[in-house]
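Presented below is the structure to which this report refers.
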Amino acid sequence: MVVEKAAASPPAPLGDRRPQKQEPLGLAKKSRQQVTDGFTVEALMKNTVVRGPPLAGAFKERPTKPTAFRKFYERGDFPIALEHDTKGNKIAWKVEIEKLDYHYYLPLFFDGLCEMTFPCEFFARQGIHDMLEHGGNKILPVIPQLIIPIKNALSLRNRQVLCITLKVLQHLVVSADMVGEALVPYYRQILPVLNIFKNMNVNSGDGIDYSQQKRENIGDLIQETLEAFERCGGETAYINIKYMIPTYQSCILN
């Protein structure tokens, strides 16, 4: 018998050398990876990826709580009214500010620093500045009652509330004699949040940062507040500030 040979395929041209598809090294034998938490038994196994730690949330804003200032304002207990002027809004006091009971009203107005909506935010901020301007000797005995409202306002970590509170602190220190020294024992309640936001400056490159003109740059406001604390806080102010904020440099010694 004659067996017919299969037709041979035409030979490939010598110049046709097409690259063959090859899988990258490591992918062919690599199995599916498993994501797990750290410090567990699964983290020691092969083909596992350890999940990173969660964010600490140091700069995260805290939720606001209803304040006593809003409750008293909505009930109409404050002797204030809103007056519209050509220069803007201002408070029309129904009684003389010097005759107010500072032990009762000033802590309530400081409690309103946590407010962020009009008109409570305006009344609390402007009311504090008016009372500090006309308070005189009545301010110093009320200092211990102001620490918790100040701490609550700073603990919100809200940028708007921080700027308003820092400006109030600068006004409070120079409002009367011995107020700056009376605040020194309470630095441990006030300064931890300032230490977190101390280096929060806007890096605008060669642009113009208009927040400096409006005094809304948190880093600059904190530096101004710490310098005011040191100038008005007496001999032990710098030591206590340095203990809470190690990166602070004295504006008097330097």
key: side-chain hydrogen bond (donor to acceptor under 3.5 Å, both in side chains) between Asn47 and Gln33, intermediate numbers included   = CA-CA 5 Å; Asn47 298 325; Gln33 292 182 341; 5.6 Å; no
ask   = Shortest non-hydrogen contact from Ile222 to Leu194?
value = CD1-O, 3.7 Å
ask   = Looking only at heavy atoms, what is the nearest atom pair of Phe229 and Ile241, with distance?
value = CB-CD1, 3.8 Å
query = Do Tyr238 and Ile252 come close enough that some side-chain heavy atom pair is under 4.5 Å?
reply = no
inquiry  = Membership question, hydrophobic clusters at under 4.5 Å side-chain separation (ILVMFWY): are Val95 and Phe109 in the same one?
reply    = yes
task = Verify the ring-centre separation between Phe69 and Phe78: is it less than 6.0 angstrom?
result = yes
message = Once you measure the plane-to-plane angle for Phe72 and Tyr104, does it fall in the parallel (<30°), tilted (30-60°) or perpendicular (>60°) bin?
response = perpendicular
request  = Could you give me the CA-CA distance, side-chain angles and deciding distance for Ile80 and Lys94, then say whether side chain to side chain contact (heavy atoms under 4.5 Å, CB included) is met?
outcome  = CA-CA 6 Å; Ile80 55 178; Lys94 300 178 182 178; over 6 Å; no
inquiry  = Tell me if a side-chain donor or acceptor on Tyr186 pairs with a main-chain N or O of Ile143 at a distance below 3.5 Å.
reply    = no
ask   = Is there a side-chain contact between Lys151 and Thr165, using heavy atoms and a 4.5 Å cut-off?
value = no
Glu83 atom CD: more than 12 heavy-atom contacts under 6.0 Å = yes
key: Evaluation steps, side-chain hydrogen bond (donor to acceptor under 3.5 Å, both in side chains), between Glu230 and Ser250   = CA-CA 8 Å; Glu230 184 183 0; Ser250 175; 2.3 Å; yes
query = Is it true that a side-chain atom of Asp111 and a backbone atom of Ala68 form a donor plus acceptor pair closer than 3.5 Å?
reply = yes
ask   = Given the rule in the side-chain hydrogen bond (donor to acceptor under 3.5 Å, both in side chains) test, do Thr67 and Glu115 qualify, once you have shown the distances and angles that lead to the verdict?
value = CA-CA 8 Å; Thr67 61; Glu115 295 290 342; 2.4 Å; yes
query = Is atom CE of Met178 surrounded by more than 12 heavy atoms (other residues, nucleotides or ligands) closer than 6.0 Å?
reply = no
query = Does the Asn240 side chain pair with the main chain of Thr236, one donor and one acceptor, at a distance under 3.5 Å?
reply = yes
request  = Please round to the nearest 0.5 Å and tell me the distance separating atom CE of Met131 and atom CD1 of Ile91.
outcome  = 10.0 Å
key: Parallel, tilted or perpendicular: rings of Phe197 and Phe59 (30°, 60°)   = perpendicular
request  = Can you measure from NZ (Lys46) to CD (Gln34) and round to the nearest 0.5 angstrom?
outcome  = 15.0 Å
task = Using a 4.5 Å cut-off on heavy atoms from C-beta on, say whether the side chain of Leu169 contacts that of Ile190.
result = yes
request  = Check the hydrophobic clustering (I, L, V, M, F, W, Y; side-chain heavy atoms under 4.5 Å; chains of links allowed) and say if Tyr187 and Ile239 are grouped together.
outcome  = no
inquiry  = Hydrophobic cluster membership, with links at side-chain heavy-atom distances under 4.5 Å among I/L/V/M/F/W/Y: are Tyr243 and Ile196 in one?
reply    = yes
key: Verdict with reasoning, Leu221 to Lys167, per side chain to side chain contact (heavy atoms under 4.5 Å, CB included)   = CA-CA 8 Å; Leu221 281 175; Lys167 294 174 184 177; 4.3 Å; yes
Student check: side-chain heavy atoms of Pro141 and His103 closer than 4.5 Å = yes
message = I want to check something: taking the side chain as every heavy atom from C-beta on, are Gln223 and Tyr248 in contact at a cut-off of under 4.5 Å?
response = yes
query = Do Val161 and Leu132 sit in the same hydrophobic cluster, where Ile, Leu, Val, Met, Phe, Trp and Tyr count as joined when their side-chain heavy atoms come under 4.5 Å apart?
reply = no
Residues Ile139, Leu172; criterion side chain to side chain contact (heavy atoms under 4.5 Å, CB included); working and verdict = CA-CA 9 Å; Ile139 300 175; Leu172 176 65; 3.9 Å; yes
request  = Could you go through the side chain to side chain contact (heavy atoms under 4.5 Å, CB included) check for His84 and Asn89 one step at a time?
outcome  = CA-CA 5 Å; His84 300 282; Asn89 298 330; 2.9 Å; yes
inquiry  = Let me confirm one number: the CG-CD1 distance from Asn152 to Ile147, rounded to the nearest 0.5 Å.
reply    = 11.0 Å
request  = Search all heavy atoms of Gly57 against all heavy atoms of Arg62 and return the closest pair with its distance.
outcome  = O-NH1, 2.9 Å
query = Quick one: OH on Tyr102 to CG on Asn137, what's the gap to the nearest 0.5 Å?
reply = 11.0 Å
request  = Inspect the surroundings of CD in Glu74 and state if more than 12 heavy atoms from other residues, nucleotides or ligands are less than 6.0 Å away.
outcome  = yes
message = For a quick test of reading the model, state the closest non-hydrogen atom pair linking Ala43 to Asp37 and the distance between them.
response = CB-O, 3.7 Å
query = Measuring from His171:NE2 to Arg125:CZ, what's the distance to the nearest 0.5 Å?
reply = 13.5 Å
ask   = Would you say Asp85 has more than 12 foreign heavy atoms packed within less than 6.0 Å of its CG?
value = yes
task = Would you mind reporting whether Val179 and Val173 have side-chain heavy atoms less than 4.5 Å apart?
result = no
inquiry  = Are Phe118 and Leu82 packed together at the side-chain level, in the sense that at least one heavy-atom pair is separated by less than 4.5 angstrom?
reply    = yes
message = Could you check whether atom CZ of Arg188 has more than 12 heavy atoms from other residues, nucleotides or ligands sitting under 6.0 Å from it?
response = no
query = With sequence neighbours left out, what residues match Asp130 under side-chain hydrogen bond (donor to acceptor under 3.5 Å, both in side chains)?
reply = Trp93, Gln126
pair Phe110-Ile148: side-chain heavy atoms closer than 4.5 Å = no
ask   = Between atom CG of Leu191 and atom CE of Met244, what is the distance when rounded to the nearest 0.5 Å?
value = 6.0 Å
Closest approach of Ala153 to Leu113 (non-hydrogen atoms, all atoms of both residues) = CB-CB, 3.8 Å
task = Verify whether one side chain among Arg51 and Thr40 offers a donor that lies under 3.5 Å from an acceptor in the other.
result = no
key: Asp177 to Leu140 - nearest heavy-atom pair and separation   = O-CD2, 4.2 Å
message = Is there a path of hydrophobic side-chain contacts, each under 4.5 Å between heavy atoms of I/L/V/M/F/W/Y residues, joining Leu156 to Leu162?
response = no
